[in-house]
Every structure is written in C-alpha cells, then in structure tokens.
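In what follows, chains carry the letters A, B, and so on, assigned in the order in which the sequence lines appear, proteins first and then strands, with residues in each chain numbered from 1. Keep in mind it's a predicted model, so treat the numbers as computed, not measured.
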Protein chains: 2
Amino acid sequence: MTPFKPVKQVKASEEVFNQLKSAIFKGQYLAGEKLPSERELIATFCVSRTVVRESIKALEASGLVQIKQGATGGAFIKELTFERLTSATKDLFFMNQMTFSEICEARLNIEPMVARLAAENCTEECAEKLRLACSKENDSLEYPETVMLRSHVHYLLADMCNNRYLTAIVKSMIQLVGRITEEFQPNTDEIHPAGLHDVIVEAVIAGDGAKAEREMYLHLKTFLTITQEIERQYRESLAS
Amino acid sequence: MTPFKPVKQVKASEEVFNQLKSAIFKGQYLAGEKLPSERELIATFCVSRTVVRESIKALEASGLVQIKQGATGGAFIKELTFERLTSATKDLFFMNQMTFSEICEARLNIEPMVARLAAENCTEECAEKLRLACSKENDSLEYPETVMLRSHVHYLLADMCNNRYLTAIVKSMIQLVGRITEEFQPNTDEIHPAGLHDVIVEAVIAGDGAKAEREMYLHLKTFLTITQEIERQYRESLAS
DNA sequence: GATATTTAAAATGTATGACATTTGAATTTG
DNA sequence: CAAATTCAAATGTCATACATTTTAAATATC
C-alpha cells in the first residue's frame, strides 16, 4: 500500500457545474441575477466553450438557472420555488413509479391535517378569499375551468398552513388529481357539486381546526373514492 | 388576425431532449438499458454532436440517465427512484427557501400517520426487521454511525406504509433532520437515548395503529423540540 | 496451457474555429 | 419625435480534430 491517494479525475464539466452550483447555493448570485457570460466563464475556469456550455445546460436542467438568448441574454438564476418538487412528483407518476391510488391515499391523509393548520392560522384576509372562492364555484361548468374553480379552495387552504413544504406537497397532489379528472371529464355536478367546501370553509374561518380536519377528510374520502372508481373503469374498458 | 400561427422556434437541443424524455417515459427504454450512442443519435435526429451531447447532459442533470465513459459506455436509464424528491427538497433547504422548523413541523404531522399505516400492514418479516433494528441501536455512539442506527426504525416504518409517495416524503425529511443532527453532533444518549422506539415498535407489531400513531407523535414532539432548540442556540451564538 | 501484457476499438470528453440566430439597444432616417 | 435600420453581444449550431477512459480481444510471456 503506497501512501498515495488516487488523483480523482473529475470531468471538467462536472467540476464547473459543481462550482457554479455551490456559488449559487452560497447566495453569491441572487435570484434574477445573471451568471457571467460564456466567454467570461471560459476565461475564469480555463476550459473550452464546450465544457462551459454543458455545465450551464446541466444547471438549467436542474432548474437552477434559465437561459435566455439575445443581446441581454445569459444564464439567469431562477427563484427556487417548489415547482421542482411538483415536477419531480409528476415525473414519477408518469413513469408508473407511483399509482393514482397512492396519490389519493396520501392526499386523504395529509390534506385534512393541512386544513386544521389553516384553521389555526386563519386571518380575516384569508377568510375573505375563501368566501369568494366558494361563491365562484359555479361560474363555469366547462372543462378545464370548472376544475380550477372547484379546486381553488383547496389551493387557498394549502397556502394558509404556513408551512411551505406542506404547501408544495399538497399542491402537487391536487394538481395530479386535477389532471386525471380533466382527462376523463366526468360531469362535474355529479361527482363534485358546488358547495361541498362550504362546511369546511366555515370551520376554518371559525378557527375550529378539529372540525375542519374532520370535514376535509369526509369530503376527500367521498370525492377521491369516486375519482378512483372512474379511473378503474377506464382501465378496465381499455383491457377488454 | 391572420389564420396563421407562429412557428415556434424550438431549440434543437430542447427538441431532442424532449423526444428522448418522452421515449423514456413511454417505457421505450427500461431501467438499465442504454440509449443509442452519440453517433447513432446524430444520425437519427440529423443534428450535430453538440446538440446531442447537450441534450444527454440535460437528461443526466434531470436524473433520468447516468453517463458512463469507455468502450461499453453510454447513457444508461436510471431506475427512477424517489431520490429526486429528496434532492429537490435538500436544494430548497440549502437555499434557505425552507426552514428547519418547517421540516420538523411537517414531519411531526406526517410520520405518526405513516406509523399508523405501517401498523396496519405489519407482516412477520417486517416485525423481525423492526426488532433487530431496535436491538442494534446501541452498537455505536460515534458519528455518523449513531445517527444511522437510531433512525433505522424510522426508515423501516416509512417502507412499511405501502405508499411509495409517503415513503419518499418521510425518508427525505428524516435525512434532512439527520444531517442537521450530524452537523451539531450533540451527545446522542442525551437527546435520543436507545429504546425510545420500543413502545412504538411494539404497537406496530401488535397491529395497533392508533397507539403507534400516538406514540410516534409523542416521540417526535420531544425529539424535534430538542433538535430545534439546538439549532436555535447555534444560530444565536453566531449572531452574538 | 494459463497468465500477464499489449493492443485495438468504441465510446464519451475536450478544444477550437466558424457561422447562425436571437434580441435589445444604439443609430439613423423620415 | 417616432419609426425603421443597423449594430453588437449573447447564445445556438455545425464540423473536425484530438484526448481520455474503458472493455475486450489479441498477443506475448512464463
């Protein structure tokens, strides 16, 4: 055993990628700001344009920067939102690594708890938004607007729980269920008549967390069961 | 208004990326399989090597393929695990888009529910693993092994809930808390003595979901409060 | 014949130079 | 002053050459 350690041969593009990523994480570049241009990066890192471009491309694919072309173009730091979580979830779903049932079950278990948190944090401003959303649920019965209208309350409650992680998770689940619903376009008034959220919203506005949790669970239990059934029938019709 | 629609100028590399991604999503390439080599892709898409390489680089950064060099190298389809969710969560955390408290709160609300589900699905094989993990919690008090040992039960329970989405979420939260713990390296036996999980595991093995949920909540409430306090003190010491 | 060693081949990685395209800003023109 | 034009700076694409890595086959060595 020699006292020497192997010189780890890191690929140049990977090294550049890591350094840039670190800089971004350290806050050296803030959201909206621009990374140095390709030419400057070439000079800074002493590598070819190929390497610089591939590194930046990787940053873009990672969702950290957005590349714009043109005179004032460049790699702009993206505001790191929770969109990444949502998109990762979607990908898993569409690669059949996650079933619709799993989403529904998770939602059934998590969203009531979020409703409870929302009730504990409800301000007058929130209350107003909730009332408005409820009153507008009947404004359209056409797809895809109706899905947006009838799920608006769910989004508002997710925003109210004061926990961005939970907000992100819940929103991604709502989106996925919404997408499935849009695909099959069942009669909205049959599977999800307007006004179903009224009792939940009442409880939230009253600050009654326990009741909000209970009512949300009941609501989802009914709705998701129906939705799953629709999806099941669809798959059966395909098989026959 | 002319009847014409603008010809959207999609960048070639983006187009190639999308087509490859679609193919992967459609199951045209299974995990472990290899995408065509650069040369073949050049011929297939009629683009330059630059475009092909940047596309594949983007696929790699998206976590869909892993590139290997050498004679039998190429872009190999990765088994799409939930690792992507975890990494997205980590990034958000390290960019200060998510606080430690938010993670703790989410975990406190979700993991007890997962423990309940685990209790409802507990097989004899699972029970054996749980008992073993409990018995080994004292095998090391050194970092980082101790963190692994003392969190093993949590991982097992996450696996047992029979919902891969919940499993992924919980695991990523455990990892983040573990990482924080490692950073400060408090005396393990003080903040998390061995045997704390025994009562939870008992309940799970007995199939008592309600009790498992309750005990997990109590356990986490204590542990996470302490952890948050440690982190708070650390930040204060920095400020002074 | 078994085992090292060498060689060859196939794949990705990097460098370089040229040109194309996009886009905003400076400049000209009416 | 406003509209049109030109210009310049940035990214996007192409083509070619060579470097590096890795495996497998060919070859030499014992």
Rounded to whole angstrom units, what separation is found between the NZ atom of Lys57(B) and the P atom of dT13(D)?
-> 17 Å
Does the distance from a Lys or Arg side-chain N to an Asp or Glu carboxylate O, for Glu125(A) and Arg131(A), drop under 4.0 Å?
-> no
Expressed in angstrom and rounded to an integer, what is the separation of Lys11(B) atom NZ from dC14(D) atom P?
-> 14 Å
Walking DNA chain D from its 5' end, the first of Thr50(A) and Gly74(A) to be reached, judged by nearest nucleotide, is Gly74(A)
Is the distance from OP1 or OP2 of dG13(C) to the nearest side-chain N or O of Ser13(A) less than 4.0 Å?
-> no
Find the distance Phe45(A):CZ to dG13(C):P and express it as a whole number of Å.
-> 19 Å
Report yes if a side-chain nitrogen or oxygen of Ser48(A) is closer than 4.0 Å to either non-bridging phosphate oxygen (OP1 or OP2) of dA15(C); otherwise report no.
-> yes
Distance-only donor-acceptor test, Arg49(A) side-chain atoms vs dG12(D) base atoms, 3.5 Å = yes
Rounded distance (Å) that lies between atom C1' of dT13(D) and atom CD of Glu54(A) | 14 Å
Taking NZ from Lys34(A) and C1' from dG24(C), how many angstroms apart are they, rounded to a whole number?
-> 12 Å
Can Glu40(A) and Ser37(A) be counted as having a side-chain donor-acceptor contact under 3.5 angstrom?
-> yes
Let me see the working for Glu15(A) and Lys11(A) under salt bridge (Lys or Arg N to Asp or Glu O under 4.0 Å), right down to the final yes or no.
-> CA-CA 6 Å; Glu15(A) 176 66 17; Lys11(A) 277 169 283 183; over 6 Å; no
Out of dG13(C), dT11(D), dC14(D), minimum distance to the side chain of Val51(B) belongs to dC14(D)
Length of the line joining Gln66(A):CD and dT11(D):P, which is rounded to integer Å | 14 Å
So what does Arg39(B) touch, heavy atoms closer than 4.0 Å: a base, only the sugar-phosphate, or nothing?
-> sugar-phosphate
Atom-to-atom span, CD of Glu14(B) to C1' of dG12(D) - whole angstrom | 12 Å
Using atom CZ of Arg53(B) as one end and atom C1' of dA15(D) as the other, report the distance to the nearest whole Å.
-> 15 Å
Between dT12(C), dG12(D), dT23(D), which nucleotide has the shortest distance from any of its atoms to the side chain of Thr72(B)?
-> dT23(D)
Return yes if a side-chain donor-acceptor contact under 3.5 Å exists between Gln228(B) and Ser101(B), otherwise no.
-> yes
State whether Tyr155(B) and Lys171(B) meet the cation-pi test: NZ (Lys) or CZ (Arg) under 6.0 Å from the six-membered ring centroid, and within 45° of the perpendicular axis.
-> no
Assess whether one donor atom and one acceptor atom, taken from the side chain of Ser37(A) and the base of dA10(D), lie less than 3.5 Å apart.
-> no
Closer to the 5' end of DNA chain C via nearest nucleotide, is it Gly70(A) or Ala12(A)?
-> Ala12(A)
